[in-house]
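Here the structure comes first, spelled out in structure tokens, and everything after it is commentary.
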Amino acid sequence: MDTALSPRELLAIHRQLDSEDIDDDATASFVASGTVALSLGNLQDAISLCQAAAACDPANARAWALLGEAHWRNRDVGAAREALEQAIRLDDDDLAAALLCARAQIATGATLTARALLQYVISRARGVVQRDADALLSSLPMNERGHA
Amino acid sequence: MRSPAITAKPVVTTTPATTTTTTTTTTTAAPVTVTPPVPKVIDDFRAATTPRVSGGGDLVMPMTHVAPAPSSAALDQAGLVANQLKNHPDANTASLFARAGDANERVRKAVSIDIPMQMQVVTAKAKRLPGEIPGMLKATGKTLTFYPADEQLKPFTIDASQGQHLRTGVVLLARVGKTTVDVTTPDGVTAAPIYRLDNHQPGGARSHFIGVVDLVAGQPFIRDAQPPPRFVPLPALASDGKPWAEGAILEVKYDKSKPNGEAITVMSTMAAAGTAEARTWRIAGDQRLDALFTPRALMEADALAAAQPASLQDAGLVDWTNKPFFAIDNPGSQDIDQAMWLERRADGGFLMHYALADAAHYVKPGTALWETSSQRGASFYLPGMSVPMMPRNLCEGVVSLNAGEDHRAVVMTISMDAQGKVDAPTSFVRAKIHSQAQLTYAGVTAHLQHGQAIDADDHGTAVSPAIRDQLKLFEGIGKVRMEQASARGVVEPQRREMEIARVGNRFELKEEHAEYASALNAELSILANVEGARALTTSSIKDLWVPGIFRTHAAPEAGTLRALEQQVEAFVSHHQLPNTWQWQRGSESMSTWVERLKVVPNNDRERALSVVLQSTTLSIYQASSYERTAGLHSGLQLDAYGRFTAPMRELVGIVSHAILTSKNVLEEVATTAKLNDKEAHALWGLLLMGAVLPPEQIPADKRAAAAQAQQLLSLPSDQRSSLARSLVKDAAPMSDGERKLVDDAMNRAMNAGNHSRQVQRQVEGASRKLLFDDLFLADLGGNAAGSAQAPVRRGVINSVTPTRISIQLSDPDVEVRLGADDLKLTHPDQSFQLGDEGCSLEGVGATKPVRWFIGDAISIKASHHDGDKLHFVVAEEN
């Protein structure tokens, strides 16, 4: 089984690709096939494809969000958190990714950081995402100093 | 943000065409992966490369997973890039893409197994012109014509001198840019820029449009201001013999039959190049706002203007021309939607006769005016100009309730007790009125608050005592309705209304002073919309289906309020404010707390913090929208809210009036003609279809009856019964199919209303960019890259998100946003995340992490301009 690359390693790879001549649609293509791999449950494939997408275009928030979801479902919470935090740094409108990011932050012990993110999600989301975020926040202890 | 490192490169495989066309397991558009065997003729080529269409329409995917299947093109693309990079000299990169290539291949297999043929193929018709078009070149004499593989795309000619090295008979790719078309060969090495801009878009240029003068390679073109870009060559010089000024906005007529250089006739110069006006027109173009109307719409408007005297003789109108109606609006307003006539009841209560322009009488389904209104959805407002929904001779003439003229109106008569509570059913009549004065908010405010005389109206016409006497009633109704709003729990944070104005050749910020009279009038207008909505949700006829459009505004959910409470706690604690600032959510309403926030501050700092906290409460509300079912409008704390008061500016208003007036007539004739429920329902079906459906959409067997039913609205009451009786004699009840037709029409109007509001917001966003350029470009010292001497501007952080902080500057009074990239310029060693219950953005990864907390003072300065917008950076932390 391949070892997943971290966002930092991916960014380094992107720098390696600076001189490459890659079509603009390559990222979208990798994201499309990564999405299908994820939906089929082929987690390693999804990770590889989303990593390729993120390497082609590190500013593609969808690529990072999918990568984070794939890591999360693959139970690699550290890698999931890193990728999802990168995703929401690029697109804070993806509230589903933000909710998953908060889960990953909680799983890695960053409760206070997760609380702040959940407050943000709750104040903007509607429906299932809002209710899930609210339930998650309610389950967290107050005034606990987590770590970033 | 796209990586600048990634550049365009054609991707062409060596897969035989026959193989490509068999990839019907996916949902691809025109495949981009075709190489020889070369078809013998162009038509064969098209047959071989155009995707098979089975019914068109949207994708049908009987799959268990939610993800859309990638197109074969996407899989090909991913595979190609992966293949290309698996040989990368860097081992990490090579390994990454090798794995991606393998994974992609597994996905391809999985998709081809799991997603069989049941899918329908998306037609190219549903797509916009793609950025990359496969096709072939054909030489005819000296002309080279590029034939796209997709037959729905128009062939275009290319310059033979530039395309001479391109091969005919092989598949090429055309890349369509804003002003160029590049054709590339299969090996991806040779690229030919082709500058034939007059013929590269399907459909070609329109015959009458507003366009921008563009100089392309030194040649003058007029480009339709609305996308997609359509260019037509201009004569070498303008009519004054001078060169064309790039960026000028022209209204032109285009005659395709004439040769280039003579095909364009300039009708008028809408704005000179480089002016603020020209910049505003470009916003209108980008948002597809067309200030021109079709010849048919203009003809209809002229015909309505000519027939206006006859329309005022309509026997169905109540003659209220002797009643003292008057309007209050902004100075110089020419589209007057509303007028009023107010009476005091003997018991101290009020009678409010609220007249609304009868746009629905003039703009009817099946007309070009209806079609145009449906497409636009609303009038749009830009700095210093507007793009109206209907021609100006209608919205500023025939339909507008101008003072001193007879006009048709839908008049609501609302009866209220002395406390402003509606205490009797509201009546609706179509009337002929004669507004006696057009007053201004400023004039009425000065009169009511400072006793200033109000002798003449906005047109200089003397104001009669009958009008002046009503102004105290106007104030009385407005005030008691404000009290009602307060009692309902309406949250009203302190706000300053700012307007982007065009002043000379600049955009400036102007504060819209909240005129007292404007606030009073808003209450009367809200009441009219409430009563209109009530009329659509109740009926004297049993089980009557009344399709309506309502404006709803969802209340924040419990979790959102809880989150806000916790944020307030964090805010109060951080700023060391007294407990009186806390929101006691369990025991007080949000409106009570917000009212307290207005009075607790003791100094300027606290006043600024109060404003920030109030704006935080506003941020938890989402935008209101139009819906088909009545629902809570939480901003106004109303159960049902309609939109009746802007019928000349919103399609929803026209449709709402059409339904309301039809229902009004139905309920009247149901009584006078003694219709039973079944007959009333049958008549209602006819009335509804006539009200909202173009004749050609009404089933043929009911078309004539539906038109006759609409004539009921123009008959005097005493003649309606007999016609109604004759219409219901053999009428069948409204079928499910007919009901669906009406429902669909209402949905279209609702969608047009929501879309137009979104467009207006985008217009405002684009206008803000122009404003910022004019406000702050000087800070950069004339250099887009910025200046070290840029002045420091102070403000207060009023919101944070994971990607940005928003700062309310004190001078000028605008909100500025700093994105993560801007923050990184001064804090390159940190990444950012939310902290403190979402009240702060914190730096991570540095020895001295930064923290920006909402309410904190901050200093920023203009940093650079990226060609799209101006950026700021943090100047110093306080």
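Residue numbers start from 1 in every chain, and the chains themselves are labelled A, B, ... in the order their sequence lines are given, proteins ahead of strands.
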Handout entry: Region of B:Ala570 in contact with chain A, defined by heavy-atom distances below 4.5 Å
Key = neither
Exercise for the section: Test B:Gln833 against A:Leu117 for side chain to side chain contact (heavy atoms under 4.5 Å, CB included), laying out the working first. Expected result: CA-CA 8 Å; B:Gln833 65 184 22; A:Leu117 188 56; over 6 Å; no
Exercise for the section: Write down the atom of B:Asn104, the atom of A:Ser33, and the distance for their closest heavy-atom approach. Expected result: OD1-OG, 3.3 Å
Handout entry: Contacting moiety of B:Ser840, where chain A heavy atoms sit under 4.5 Å
Key = neither
Exercise for the section: Look only at the side chain of B:Thr560 and the backbone of A:Ile122, and say whether a donor-acceptor pair between them is shorter than 3.5 Å. Expected result: yes
Practice task
Report yes if the side chains of A:Gln44 and B:Arg99 come closer than 4.5 Å at any heavy-atom pair, otherwise no.
Solution key: no
Handout entry: Most contacts with chain A, counted as non-hydrogen pairs under 4.5 angstrom, among B:Ala563, B:Ala820, B:Ala82, B:Gly845
Key = B:Ala563
Fill in the blank from the handout: Honestly, the part of A:Ala114 sitting under 4.5 Å from a heavy atom of chain B is neither
Handout entry: Contact class of A:Gln86 relative to chain B, heavy atoms under 4.5 angstrom
Key = neither
Fill in the blank from the handout: Checked A:Leu118, A:Leu49, A:Leu38 vs chain B; the most non-hydrogen pairs under 4.5 Å come from A:Leu49
Completion exercise
Okay, A:Arg126 and chain B: the region with an atom under 4.5 Å from a heavy atom over there is both
Problem - Greater than 12 external heavy atoms within 6.0 Å of B:Lys824's NZ - result: yes
